[in-house]
Amino acid sequence: MNRSTLTLIFSFVFLVLVQVMVFNNISLFGYVNPMIYLLFLVIYRFDNDQTLLIFLSFILGFCIDFLSQSGGAHMIASLTIGFLRPLIIRYSFGVTSEIPSTFQNDSRIKNKYLFLTIFILIHHLIYFAIVYFSWNATYLILKNTLLTSVFSLILISLLSRFYKKLNDT
């Protein structure tokens, strides 16, 4: 096993445990829980195998659902975002060969935050639509999506900078 594989495995386990033990217990304003486990799908190399990413997205969502007893919403949202990730990358960074190999290696801050924002918004919208699963809860779905996305975006962007500093050493 090389260093990147070990880092990927450690990141997976660490983010699942931190999400379940710490961030699922944070309840800002009574209903906003950040979902930092998405950082794993963000830091996965852009040029790695996408089939493996979809499988890891499934396993990631399954682990979060199993440990937090949330009934499959994380799994469906993670699997969908894992499937849509290449499209979001192409939309955020362009279709040219200028797509970076990793999220951390890109110096274009506007593109990075566009990628993170779209990525998190789509995931959270799917997650809350599955959790509430009612047209009558449209306002609640949109409100929770927006507020949780802002909180998750802030935390994931901070943690991705920390993760980059760990990988640089």
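When reading the values below, keep in mind they use all heavy atoms of this one structure, side chains included, and skip hydrogens, waters and symmetry mates.
- The two residues Gly71 and Asp65 have their closest heavy-atom pair at N-OD1, 4.3 Å.
- Remark: side-chain polar atoms of Thr148 are not paired, donor with acceptor, to backbone N or O of Thr145 under 3.5 angstrom.
- A continuous path of hydrophobic side-chain contacts links Phe55 to Phe12 [ILVMFWY only; heavy atoms under 4.5 Å].
- In terms of heavy-atom proximity, Ile141 sits nearest to Ser134 at CD1-O, 4.0 Å.
- At least one donor-acceptor pair under 3.5 Å links the side chain of Ser152 to the backbone N or O of Met35.
- Clustering ILVMFWY residues whenever any of their side-chain heavy atoms sit less than 4.5 angstrom apart, transitively, puts Leu158 in a cluster other than the one holding Val22.
- In this structure a side-chain-to-backbone donor-acceptor pair under 3.5 Å is present from Gln19 to Pro34.
- Taking hydrophobic clusters as Ile, Leu, Val, Met, Phe, Trp and Tyr residues chained together by side-chain heavy-atom distances below 4.5 Å, Ile126 does not share a cluster with Tyr139.
- Taking every heavy atom of both residues into account, Leu38 and Phe119 meet most closely at O-CE2, 4.1 Å.
- Leu121 and Tyr91 end up in different hydrophobic clusters when Ile, Leu, Val, Met, Phe, Trp and Tyr side chains are linked at under 4.5 Å.
- With Asn48 contributing its side chain and Tyr44 its backbone, the two residues share no donor-acceptor pair below 3.5 Å.
- Interatomic distance, Ser11 OG to Leu60 CG, rounded to the nearest 0.5 Å: 11.0 Å.
- Checking Asn111 against Ser92 by side-chain atom types alone, no donor-acceptor pair falls below 3.5 Å.
- For the residue pair Leu153 and Ile120, the shortest heavy atom distance occurs at CA-CD1, 3.7 Å.
- In Phe62, the CZ atom is not crowded: 12 or fewer heavy atoms of neighbouring residues, nucleotides or ligands sit closer than 6.0 Å.
- For the atom pair CE of Met21 and CG of Asn25, the computed distance is 10.0 Å after rounding to the nearest 0.5 Å.
- Interatomic distance, Tyr127 OH to Ile64 CD1, rounded to the nearest 0.5 Å: 10.0 Å.
- No chain of hydrophobic side-chain contacts below 4.5 Å, direct or via other Ile, Leu, Val, Met, Phe, Trp or Tyr residues, connects Val131 to Trp135.
- A distance of 10.5 Å separates CZ of Phe40 from CD1 of Ile59, quoted to the nearest 0.5 Å.
- Counting only distance, with no hydrogens or angles, the side chain of Ser157 and the backbone of Ile154 share a donor-acceptor pair below 3.5 Å.
- Atom CG of Asn24 is separated from atom CD of Gln69 by 11.0 Å, given to the nearest 0.5 angstrom.
- Phe151 meets the ring-ring contact (aromatic ring centres under 6.0 Å, His included) test with no other residue; sequence neighbours excluded.
- Side chains of Asn144 and Tyr132: a donor on one and an acceptor on the other come within 3.5 Å.
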Which pairs would a plain distance check flag for residues 73-83, meaning a side-chain donor or acceptor within less than 3.5 Å of a matching protein atom at least two apart in sequence or in another chain?
unit_1 : atom_1 : unit_2 : atom_2 : d
His74  : ND1    : Tyr37  : OH     : 2.8
Ser78  : OG     : His74  : O      : 2.9
Thr80  : OG1    : Ile76  : O      : 2.7

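- The CZ atom of Phe128 sits 9.0 Å away from the CG atom of Leu147 when rounded to the nearest 0.5 Å.
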